[in-house]
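To start, the structure itself, in structure tokens.
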Amino acid sequence: MSHRFYKKINKFLVFSLIGSSIYCLSAFPAAADDMTFAHSAQHNIDINYIDPTTRCRVSTLHLTMLITPDSRDISSPEQQLTLAQKLGRRLAADPNCHDVQTIDIAVVQNGTIPRHLNATSATGWQFTLSDSSPQPTPTPTPTPTPTPTPTPTPTPTPTASTPPTPTQPLASPPYTPVPEGYMAVLALMARANPALLDDQNAQKCWAYIFFRHEWNDTHEDEFRLHGLLNTARASLANTASNMPQGHISITLSTTFGEYNFNTQSFPVELNGTHLTLRPTCSTYNTSLPNSISLNFSQTPLTLQAPISAEDAAQFIKSRTHYGYVNRDVVTTFTFTINPQDLTTLNNNQDPTLDAPLDDVKFYRDDQKTALLSEVNHSAIAAILQKQVEEKASEAAHAAAAERAEKLERLTNSLQYASKSQKLAAWVTQSNGFSLPALDTMRNVRANALRNQQPVPAILLVHTDDSGTQHVSTAWPGHLNLTLPKGHEALKNDTWYIVHGTVSVSSKDTFPPAEMTVTNLHTCTSSTCEDAANVQALCEYLQNNHVSSQ
């Protein structure tokens with residue numbers, strides 16, 4: 001079996017616990033793993049934290065006693081109680097665990113929890129079995145049954161005594177961790193697609209993360225590994241069924257900016273708009289995604305962590321050492337994921353999921369025992385809405401600046417423009433730096449006949465009729481004008497500047513050209529002399545064409 005299943009932890013995504021305590025007991029040598037509370041070399045057994053983020057800085061300490069096939073002299077409840085008593089005496093003298101008032105140790109054997117061991121400080125850390133499991137009792141002494149009649153009964157032939165049938169432990173649910181990041185998405189994937197529970201690669205990943213000690217001991221032995229994978233499958237199934245529908249959490253470190261006295265909050269800038277999750281187990285040649293990106297915003301977010309000025313001042317004071325202020329805080333982000341998106345994750349790909357940010361919690365300590373501030377869903381929605389409005393305002397200002405620049409460019413160009421260019425500017429403006437000009441009817445007809453399709457044109461016309469369809473012209477002649485539906489009718493004997501497309505039929509010798517008008521300007525003098533006025537043209541562009549684009 002390849003060792004490629006191991007993979008270096010991605011430090012950006014997996015928050016490293018700080019300030020942990022490893023207990024050095026004579027019967028329990030110190031262990032190097034963050035999950036391990038204590039280890040007994042005599043029994044070859046580990047006692048682990050159920051939640052390594054809190055360690056023993058809690059009033060009720062939850063531990064697991066992991067019994068493996070390699071464990072020695074620890075299978076009976078009496079042996080387990082004896083080991084726990086040693087742990088209790090050592091715990092009472094440990095100054096790092098002064099907050100602990102109650103201890104609950106779940107005994108894990110063969111992937112199940114047959115019993116719990118409990119103790120309190122009030123009883124001097126004397127462990128007992130919990131009510132969910134039978135107390136160990138001595139073998140009962142048989143009570144003789146009186147003879148019902150004086151008839152003598154034959155004496156049975158002596159046989160080897162049969163030991164009493166051991167009491168069966170009550171069934172307990174599999175170990176149910178609370179995953180974050182990639183493993184939380186994996187649990188939601190299994191919930192959306194139960195067939196994933198039978199994927200050995202998913203089972204191996206789950207075992208590697210949440211049953212690390214057993215994995216290290218068994219992954220080279222296919223027979224023992226088979227049992228571990230069954231345990232991992234049950235644990236993954238139980239976790240998937242208990243996961244909040246469509247929600248995952250990720251713990252990272254963020255940095256507070258300078259306190260805003262107006263809003264009474266610390267700003268927290270989130271660089272980027274997505275977060276990439278990578279597993280700490282290997283996904284090489286498996287059906288699991290190599291990475292999963294969560295797209296939580298369209299623009300970079302700046303959150304405001306609300307804290308009163310008094311609390312903020314105390315926080316800064318507690319974080320100041322030798323003039324340096326440590327503004328880094330442990331932060332838990334909660335995202336919303338559409339369950340339907342989880343059923344489409346493909347083999348060995350790096351999918352991106354839309355995962356809006358739902359909630360953000362900031363903690364005073366690394367163990368997340370004291371909440372410092374929270375930005376809830378409503379506050380995040382308000383921030384997003386404000387950013388949308390700011391983005392729209394910025395776009396409007398940019399468009400206004402572009403219009404002003406274009407108008408200034410047109411105004412400067414029109415000062416030196418020809419009459420043809422000035423007249424054309426009433427109906428269209430070029431996107432470049434050059435001004436359009438009027439077309440000649442000869443060139444327009446030639447282009448339309450050569451291309452056998454309508455061609456764009458800007459023309460000066462004098463009507464010889466009125467209406468909106470096929471209006472004839474006295475100038476340039478042999479040209480009919482058609483206006484868009486609903487447009488005001490053209491007047492007879494009037495000069496216009498028109499913009500549109502011209503088509504010419506090739507069937508007759510010299511048929512009239514047909515123009516579909518898209519824009520026009522009505523002149524008040526012959527040959528549109530009034531339209532050559534630069535000042536009037538600039539005012540028109542300011543109030544109409546340029547300002548509306």
Are P300 and T273 side-chain neighbours, meaning at least one heavy-atom pair lies under 4.5 Å? yes
Flag the pair R327 and E258 as a salt bridge only when some basic side-chain nitrogen lies within less than 4.0 angstrom of an acidic carboxylate oxygen. no
Polar side-chain atom of T336 near backbone of A355 as donor-acceptor pair, under 3.5 Å: no
Are the side chains of T302 and Q304 in contact, using a 4.5 Å heavy-atom criterion? yes
Start with the C-alpha distance between F362 and F256, add both sets of side-chain angles, then the distance that settles ring pair (Phe, Tyr, Trp, His ring centres under 6.0 Å), and finish with yes or no. CA-CA 10 Å; F362 304 93; F256 280 171; 5.5 Å; yes
I'd like to know if the side chain of T286 reaches the main chain of N201, judged simply by a donor and an acceptor atom lying under 3.5 Å from each other, with no hydrogens or angles considered. no
Side-chain (Y259) to main-chain (I307) donor-acceptor, under 3.5 angstrom: yes
Do any N or O atoms from the side chain of H487 and from the backbone of L483 form a donor-acceptor pair under 3.5 angstrom? no
Please walk me through it: do L229 and Q200 pass side-chain contact (heavy atoms from CB on, under 4.5 Å)? CA-CA 7 Å; L229 295 186; Q200 270 206 357; 4.1 Å; yes
D328/S253 under side chain to side chain donor-acceptor pair (under 3.5 Å): CA gap, chis, key distance, verdict: CA-CA 6 Å; D328 296 339; S253 178; 4.7 Å; no
Are the side chain of N533 and the backbone of Q535 linked by a donor-acceptor contact shorter than 3.5 Å? yes
Taking atom types as modelled, find out whether E180 and T251 have a side-chain donor-acceptor pair closer than 3.5 angstrom. yes
Would you find a donor on one side and an acceptor on the other, under 3.5 Å apart, between the side chain of T254 and the backbone of T331? no
For atom CD of E405, decide whether the heavy atoms of other residues, nucleotides or ligands shown that lie under 6.0 angstrom number more than 12. no
Can you list the steps and then say if T276 with S293 is a side chain to side chain donor-acceptor pair (under 3.5 Å)? CA-CA 4 Å; T276 300; S293 292; 3.2 Å; yes
Is R212 close enough and on-axis enough to Y208, meaning under 6.0 Å and within 45°, for cation-pi? yes
I'd like to know whether the aromatic ring centres of F296 and F333 sit less than 6.0 Å apart in this structure. no
Please walk me through it: do N290 and T283 pass side chain to side chain donor-acceptor pair (under 3.5 Å)? CA-CA 6 Å; N290 292 326; T283 57; 2.8 Å; yes
Any heavy-atom pair between the side chains of S291 and Y182 that's under 4.5 Å? no
Are H521 and W426 close enough that their ring centres sit under 6.0 Å apart? yes
Is any side-chain heavy atom of L196 closer than 4.5 Å to a side-chain heavy atom of L288? yes
More than 12 heavy atoms of other groups within 6.0 Å of E529 CD: yes
Around E390, counting heavy atoms of other residues, nucleotides and ligands shown, do more than 12 lie under 6.0 Å from its CD? yes
Run the side chain to side chain donor-acceptor pair (under 3.5 Å) test on S265 and T263 for me, step by step, so that the C-alpha distance in whole Å, both residues' side-chain angles and the decisive distance to 0.1 Å come before the verdict. CA-CA 5 Å; S265 62; T263 61; 2.7 Å; yes
Checking side-chain contact (heavy atoms from CB on, under 4.5 Å) for the pair L303/L270: CA distance, chi angles, key distance, verdict? CA-CA 8 Å; L303 303 176; L270 305 182; 4.1 Å; yes
Return yes when atom CZ of R442 has more than 12 non-hydrogen atoms of other residues, nucleotides or ligands closer than 6.0 Å, and no otherwise. no
Could you give the distance from CG (L236) to CD (Q203), rounded to the nearest 0.5 Å? 8.0 Å
In terms of heavy-atom contacts, P339 and Q245 come closest through CG-NE2, 3.1 Å
Determine, using ring centers only, whether F211 and W215 are less than 6.0 Å apart. no
Non-hydrogen side-chain atoms of Q415 and V534 separated by less than 4.5 Å: yes
Please check if any side-chain donor atom of N443 sits under 3.5 Å from a side-chain acceptor atom of T440, or the reverse. yes
If the threshold is 4.0 Å, N to carboxylate O, is there a salt bridge linking K361 and D359? yes
For the pair K406 and R409, evaluate side-chain contact (heavy atoms from CB on, under 4.5 Å) and give the outcome as yes or no after the intermediate values. CA-CA 5 Å; K406 184 177 181 181; R409 186 168 66 245; 3.8 Å; yes
Establish, from distance only, whether the side-chain atoms of H462 and D493 form a donor-acceptor pair under 3.5 Å. yes
For L479 and T473, the nearest pair of non-hydrogen atoms, with its separation, is O-OG1, 2.9 Å
Does a side-chain heavy-atom distance below 4.5 Å link N519 with V498? no
Minimum heavy-atom distance T527-K419, with the two atoms named: O-NZ, 3.7 Å
Only one of D311, V325, N326 forms a side-chain contact (heavy atoms from CB on, under 4.5 Å) with I316, so which one is it? V325
Can you confirm whether the side chains of S525 and D530 place a donor and an acceptor under 3.5 Å from each other? yes
Counting only heavy atoms not in E374 (residues, nucleotides, ligands), do more than 12 fall under 6.0 Å from its CD? yes
First locate atom CG of N480, then atom CG of D464, and finally report the distance between them rounded to the nearest 0.5 Å. 10.0 Å
If you compare all heavy atoms of L384 against all heavy atoms of S297, which two are closest, and at what distance to 0.1 Å? CD2-OG, 3.9 Å
Please walk me through it: do V461 and L481 pass side-chain contact (heavy atoms from CB on, under 4.5 Å)? CA-CA 9 Å; V461 299; L481 306 175; 3.9 Å; yes
Nearest 0.5 Å please: distance from the CH2 atom of W475 over to the CG atom of L460. 8.0 Å
Check whether S420 reaches the backbone of L438 with its side chain - one donor and one acceptor, N or O, closer than 3.5 Å. yes
Closest approach of S373 to A305 (non-hydrogen atoms, all atoms of both residues): OG-C, 3.5 Å
To the closest 0.5 Å, what do you measure between CG (N295) and CG (L357)? 11.5 Å
Can you confirm whether L490 sits close enough to S466 that some side-chain heavy atom of one is under 4.5 Å from a side-chain heavy atom of the other? no
Is the F510 to H478 ring centre distance short of 6.0 Å? yes
To the nearest 0.5 angstrom, please state how far the CG atom of L188 sits from the CG atom of D341. 11.5 Å
Taking M189's backbone N and O only, do any of them form a donor-acceptor pair with N193's side chain (distance below 3.5 Å, no angle check)? no
When rounded to the nearest 0.5 Å, the distance separating CD of Q264 from CG of N262 is 9.5 Å
Of all heavy-atom pairs linking L342 and A192, the shortest is CB-CB, 4.2 Å
Given side chains that start at C-beta, do those of W206 and R233 come closer than 4.5 Å, heavy atoms only? no
What I want to check is whether the side chains of Q385 and E389 have a donor and an acceptor closer together than 3.5 Å. yes
Could you pull out all residues at least two apart from C523 that satisfy disulfide bond (SG atoms under 2.5 Å apart)? C528
